[in-house]
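Please read the structure below before turning to the comments.
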Protein chains: 2
Amino acid sequence: MAWDTDATQRKLLLAGARQFAAAGFAGARIEAIGADAGVNKERIYRYFGDKRAFFAAVLGHELAGLLDGLDVTGTGAEAIGDFVAQLLDRCERHPELPRLLLWESLELDAAVAIEQRRPVCAHKVDGILTALPALDRGRAEHLLFSLIALAVGWCELGNLGSAVVGGTMEWETRRATVVAHARALATGMTEEAEASEASGSPRSAAPAPPAGTATHPPLAAEESRS
Amino acid sequence: MAWDTDATQRKLLLAGARQFAAAGFAGARIEAIGADAGVNKERIYRYFGDKRAFFAAVLGHELAGLLDGLDVTGTGAEAIGDFVAQLLDRCERHPELPRLLLWESLELDAAVAIEQRRPVCAHKVDGILTALPALDRGRAEHLLFSLIALAVGWCELGNLGSAVVGGTMEWETRRATVVAHARALATGMTEEAEASEASGSPRSAAPAPPAGTATHPPLAAEESRS
DNA sequence: AACATCTGCAACCGTTCGTTTGGAGTTCGG
DNA sequence: CCGAACTCCAAACGAACGGTTGCAGATGTT
């Protein structure tokens, strides 16, 4: 039979995504990845180096496309809701993605493949800016970050969920809730941006604290738990 | 010298919190925990059983108090912003907390110490309900969940952040942003709840999808990435 | 066809990890 | 003051892990 080293590498990357998503870098076993891929584990070392390098390769391969193909189409808060709905659906269909994203932040010092990921994110920020023209770029970036945090949180913080809400939650309920929250966030941020624009404060990279109450002092009198 | 077994256990729990927060369950080393605590690692087995049981003990000890002492005081969206500000400050002062929360969801099947944590969460939900009387209990629970997801995400998803926003972010900027987002979420959800109330739909545990556009179909035509 | 080169695999190696054990010191009731 | 029960530790143990090696078969080039 002819050899297909690319297929072997792909099988390893896919099995790596499954195993690393399930157990993280420290918890995943090279042996198990090889077995999952139906390939001898030695291949990992020849193709990717060592375990860390392979982990980075898997993360790059999967996470670079987290937002790929998703788009902010239309205008207004509905556009933001639709975008988050797409993101949620992708997270449900590929549950490894949000988990890998979390493992990356927890187990790695720096993000992998930023060169590929940054322009994708920037493109989503552009979409947000056209959907919500009242926002400046800084605010749009922060909004994108919060939207991803919401989607990932609602997909993967199941244990926290069982402490906050009573029983388990249907997927449709969760989906509708996150979309509603995303829209609420979009409308709220638009209003806040317009208000801060109208108040004449010079637009800066860092959005000024909202006008509601005075800026929050760091709460000197907090008990120093445990 | 007199023995102080309680102090020994406390030292182990504290060192365990540090080590597990840094490396997770699979990544943390019993040896390192013992060394960090200045105690022989064998103590862990006599006091807590095995590594898993010790992990659960550490999580219970730390996470039960994640929201302890935090309160939703006042009314309106500002109250929600203040609450999130408190939560953020706690996360900054105790960086193990958000990390342990994430490890718990990633590495454990079920939440630890739900019996203690649920009433604490319910109390925060009560606070949200008095601050935003337009919300029903389901919506308030979901809001609390999203607020925690936002706070934890902004504290611990640093790698994602470097892909979304350009350089690093000052803590004060982050704090102001999350508080603004929390307020925006609160006002947006209030409006959404009032609208759905006015539209005469019977209030149900699961909030009805917002009225903006039709409910989102699961997007049949999505490419099936990799 | 001969040669070097590459793929794929089973077995192996040295280390590290979680867990246990044996024993020396300490406390406390009677 | 005796002895059972407990605290603490150094050392050891067996399993599991990341990584390597040696070899048999396949490929491509000349």
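Letters A, B, ... mirror the listed sequences (proteins, then strands); counts begin at 1. We use all heavy atoms of the structure for the numbers below, so side chains are in, but hydrogens, waters and symmetry mates are not.
- Summarising the local packing, CD of B:Glu115 is surrounded by more than 12 heavy atoms from other residues, nucleotides or ligands at distances under 6.0 Å.
- The pair B:Arg117-B:Asp68 fails the salt-bridge criterion, with no side-chain N (NZ, NE, NH1 or NH2) lying under 4.0 Å from an Asp/Glu carboxylate O.
- Ring geometry, A:Phe48 versus A:Phe54: the interplanar angle falls from 30° to 60°, so the pair is classed tilted.
- The interatomic distance linking A:Arg43 (CZ) with D:dT20 (P) rounds to 13 Å, in whole Å.
- Heavy atoms of A:Tyr47 sit under 4.0 angstrom from primed sugar atoms or phosphate atoms, though from no base atom.
- Panel note: side chain A:Arg175, backbone A:Leu88; no donor-acceptor pair is recorded below 3.5 Å.
- Computed from coordinates, the B:Asn40 CG to C:dG18 P distance equals 14 Å when rounded to whole Å.
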Checklist entry - Hey, mind stepping through A:Phe25 and A:Trp103 against ring-ring contact (aromatic ring centres under 6.0 Å, His included) and telling me if it holds? => result CA-CA 8 Å; A:Phe25 171 74; A:Trp103 292 117; over 10 Å; no
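- Judged by distance alone with a 3.5 Å cut-off, no donor-acceptor contact links the side chain of A:Glu31 to the base of D:dC17.
- A:Arg46 places its CZ atom 16 Å from the C1' atom of D:dG18, with the value rounded to the nearest Å.
- A straight line from CD of A:Gln9 to C1' of C:dT7 spans 11 Å, rounded to a whole angstrom.
- For B:Lys51 against C:dT19, no side-chain N or O and base N or O form a donor-acceptor pair under 3.5 Å.
- If you take CG of B:Asp50 and P of C:dC17, they are 17 Å apart, rounded to a whole angstrom.
- One finds a side-chain N or O of A:Thr8 lying less than 4.0 angstrom from the OP1 or OP2 phosphate oxygen of C:dG8.
- For C:dT21, neither phosphate oxygen OP1 nor OP2 lies less than 4.0 angstrom from any side-chain nitrogen or oxygen of B:Tyr45.
- As a whole-Å value, the separation of A:Ile44 CD1 from C:dC9 P is 12 Å.
- Side-chain proximity of A:Ile30 to the nucleotides C:dT7, D:dG18, C:dT21 is greatest for D:dG18.
- One can place NZ of B:Lys41 at 11 Å from C1' of D:dC13, the figure rounded to the nearest angstrom.
- Computed from coordinates, the A:Phe55 CZ to D:dG19 P distance equals 14 Å when rounded to whole Å.
- Note on B:Ala28: only backbone sugar-phosphate atoms sit closer than 4.0 angstrom, heavy atoms only; bases stay farther off.
- Counting non-hydrogen atoms under 4.0 angstrom, A:Arg29 reaches the backbone sugars and phosphates but no base.
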